[in-house]
Amino acid sequence: MLVPQEIAGIKAFINNLENKKVNFMIPRPRVRNIGISAHIDSGKTTISERILYYTGRIHAIEEVRGGGKGATMDFMPEEKAHGITITSAATTCMWHDTQINLIDTPGHVDFTIEVERSLRVLDGAVMVLCAVAGVQSQSITVDRQMKRYRVPRIAFINKMDRTGANPFKVVQAIRDRLHLNPLLVQYPIGFEDEFQGVIDLVEMTANFYGGEAGENWVKTEIPDTHKHEAKDAREKMLDALSLFSERMTEKLLAGEQVENELIWETIANATKNLELVPVLLGSAFKNKGVQNLLDAVARYLPSPVEREVVKTSDSVNVYADIDAPLVALAFKLTVESFGQLTYTRIYSGTLKPGDTVYNARTKQRVQIGRLLRMHANKREEVKIAVAGDIVALLGVDCASGDTFYTAEAPISLEAMFVPEPVISLSVIPKKQEDSDKLSKALNRFQKEDPTFRVSVDAETGETLISGMGELHLEIYIERIKREYNAEVLVGKPAVAYRETIKKKACFDYQFKKQTGGPGQFAHVKGYIEPCDETFVFTNCVVGGAIPNTYITACEKGFIEAMQAGKLDGYPVVGVKVVLDGGSYHPVDSNEFAFRMAAKQAFETAFTEANPQLLEPIMHVEVETPHEYVGRVNGDLSSRKGLLLGSQTMQGYSVIQAEVPLAQMFGYSTTLRSITSGMATFTMEFASYRGKN
């Protein structure tokens, strides 16, 4: 229960939020930091738009596609043009007495880093699933990301109005494919085009949504036609919940009524402990069910003080205490004309304009200028940020993943996972005067996006950009033209191959070089063999055959040799190097000599270890009408694809396959051609395998 002072503070926050002067601090238990994530085209941004409307943050609903201004959270021109979310967007809104800091994330796998770094800093999430398609390929990726950062979640089954909608089948898919424990806390009133609303199985009320935008949320008695089904569904829900509450078990065994507060408390505790996933239903596009979702976010997802304790890289606990020393994480950067905008999560302590903090990576002092609360691409200045807040820092020079701390707490938070790029393009400015513009653009994009890499081909001297897929790089090419007014020539896509070895090979190599002065001498012995990790170095030298001061130089030499294999010059992976002997000269030996000896020893052994070229294999999921299944399967097979199976839905089929990336260039055009434009596909990296 909130005390009067807290209620007054919340009312003041709401009033000042409307006036864009957000300087009041909501009690930490009433804050929720959440993200909305899902497979592409599941309705994430549509849900976000309704959340902003029902919380009073915006006064009119715009659609992702529809010819208007476009959805609030999709503010980039490329997002409006392609009709998809490309970059994660943050906003803040109030639902009754709860402040919700919301991040809308992309669904397309090419922009998965946006989901990755958002989930890294959030306390809870809403996983959106299509009522027809259910668990799709990117749903599995999002699930993996949520599990990586142990993020509690709510599942929202959207598009209940679509033909073929079956929430019970989706719940079973959550259990079977994602290995989660879903709990249906609502029951649908009708299906497909007869979907009218939902039954709340806790309150046992029917929820309907009237008005032009579903703003008239009405709770009434359950219709007689659904009372029996709702009663059975509630009994199943209580039976599943009793596993997490002794009090509930006792009441059920005694035949007593289970009060709503106990049900809500049990669901919340099990959700926060990652033991349960509450499942809600709705149709965001038809303005049904989103208000219930907001209630569930406030009731079931954790506040910053209830979230699992965050640990540093040294396993030090960081608590959401506003009186503790500052610990904050920069998780996303955007570089604009007025300077760098650094999205930052405050984990402990307090931050104000003018404060001096330290960067854990550079060990440099940082002066904090302006603090901003973001509403998509709009900025609202704030005077203070405390533990649990997500704000943007203006003009701070740092990198994505940097930790800020005060002098009292020199610690660093654990880094986020960054997937490796799988595709490259060469880019050349059309005109010489565009060279500087291109260079500035690439430097900026590389700083903003950890999965976007820039390099120079050693043989041709061409500038290469690398990323997660064709669309990923296509968007950056469009941004170079729009934001920097620079035209570029784009080369043929190149695949990020790797090299590895298939058997063990020994090395015994001496590096000798005699000049007019002191010579160079180093002798290394050992072997290389295949392993499951990218690189493993094991030092087995005994008796001082190689002094410890030179062992590190040997490791550096082996790593340097792995940067370019001897087959086609691609990076080498999957090799274990064991150094078990050698010798040195008291005068002629030095670190350079041992580094060169190790490098050349590795290159010699590599050619004898049956080297093999590895290529990226993509997991491809195609949704197509039934009549085109044969054509799609035939085309995938012609691309050296391995068909994994298919699933039949109402009106269409979902085909799963694994295909070499090199065979997938231009696939979207072919797929449109062979299916009359009626099929769609998604593709994500699966693994590296030996190239045939």
Side-chain angles (χ1 to χ4, degrees), residues 38-43 65 82-84 107-110 129-143 157-159 161-170 172-174 176-178 191-193 422-423 468-472 474 492-493 495 615-692:
H39 185 88
I40 189 171
D41 204 29
S42 294
R65 303 177 181 91
H82 290 268
I84 61 172
H108 198 288
V109 69
D110 281 19
L129 299 163
C130 174
V132 181
V135 175
Q136 298 167 275
S137 59
Q138 189 65 6
S139 309
I140 297 173
T141 300
V142 167
D143 170 69
I157 300 178
N158 193 28
K159 302 189 178 183
D161 59 301
R162 282 186 56 185
T163 301
N166 187 336
F168 309 112
K169 190 174 182 179
V170 178
Q172 190 60 44
I174 294 173
D176 295 342
R177 299 191 65 187
L178 302 182
F191 293 84
E192 302 175 339
D193 58 349
V422 296
I423 182 174
M468 303 305 298
E470 286 185 279
L471 181 60
H472 187 206
E474 178 186 328
K492 184 179 178 182
V495 178
E615 65 178 340
I617 304 297
M618 311 303 288
H619 179 86
V620 180
E621 184 177 279
V622 183
E623 296 184 6
T624 177
H626 299 316
E627 60 265 32
Y628 300 115
V629 168
R631 294 184 189 178
V632 172
N633 283 340
D635 182 71
L636 290 173
S637 297
S638 71
R639 296 172 184 269
K640 302 181 180 178
L642 174 64
L643 298 176
L644 303 178
S646 62
Q647 186 177 5
T648 301
M649 302 287 188
Q650 185 169 340
Y652 67 97
S653 296
V654 180
I655 300 169
Q656 308 275 348
E658 290 184 343
V659 189
L661 174 60
Q663 302 294 325
M664 290 300 294
F665 296 133
Y667 181 65
S668 57
T669 302
T670 301
L671 184 64
R672 283 195 297 267
S673 174
I674 64 176
T675 64
S676 301
M678 300 179 67
T680 61
F681 82 101
T682 58
M683 178 176 70
E684 66 178 318
F685 174 75
S687 64
Y688 272 101
R689 294 181 193 164
K691 188 175 185 300
N692 296 325

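Keep in mind that the numbers below use all heavy atoms, side chains included, and drop hydrogens, waters and symmetry copies.
- Of all heavy-atom pairs spanning Y667 and L636, the tightest one is OH-CD2, 3.7 Å.
- Applying side chain to side chain contact (heavy atoms under 4.5 Å, CB included) to V620 and the options Q656, M664, E658 leaves one that passes, M664.
- Using a 4.5 Å heavy-atom cutoff, the side chains of Y652 and V132 are in contact.
- The nearest pair of heavy atoms linking H626 to T648 is CE1-CG2, 3.5 Å.
- Residues V495 and P616 have side chains in contact (heavy-atom distance under 4.5 Å, counting atoms from C-beta outward).
- The shortest side-chain heavy-atom distance between I174 and Q172 does not fall under the 4.5 Å cut-off.
- The closest side-chain donor-acceptor pair between E684 and T141 falls under 3.5 angstrom.
- Side-chain contact check for E621 versus F681: every heavy-atom pair is 4.5 Å or farther apart.
- The closest donor-acceptor contact from the side chain of T675 to the backbone of L671 lies under 3.5 Å.
- For the pair N633 and L643, the minimum side-chain heavy-atom distance is below 4.5 Å.
- At least one side-chain heavy atom of T624 sits less than 4.5 Å from a side-chain heavy atom of V629.
- Defined by atom type and a distance below 3.5 Å, a donor-acceptor pair is present between the side-chain atoms of Q136 and E623.
- Here L178 contributes atom CG and D143 contributes atom CG; the two are 4.5 Å apart, rounded to the nearest 0.5 Å.
- The minimum heavy-atom distance linking T163 with E192 is given by the pair C-OE2, 3.7 Å.
- Between I617 and P660, the shortest heavy-atom distance links the atoms CD1-CA, 3.9 Å.
- Closest non-hydrogen pair, K159 versus C130, comes out as CD-SG, 4.1 Å.
- Using a 4.5 Å heavy-atom threshold, the side chains of H619 and V659 count as separate.
- Using a 4.5 Å cut-off on side-chain heavy atoms (C-beta onward), E470 and F665 make contact.
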side-chain hydrogen bond (donor to acceptor under 3.5 Å, both in side chains) evaluation trace for S139 with H39: CA-CA 5 Å; S139 309; H39 185 88; 4.9 Å; no
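- Every residue two or more places apart in sequence or in another chain that forms a salt bridge (charged side-chain N to carboxylate O under 4.0 Å, His left out) with R639 is listed here: D635.
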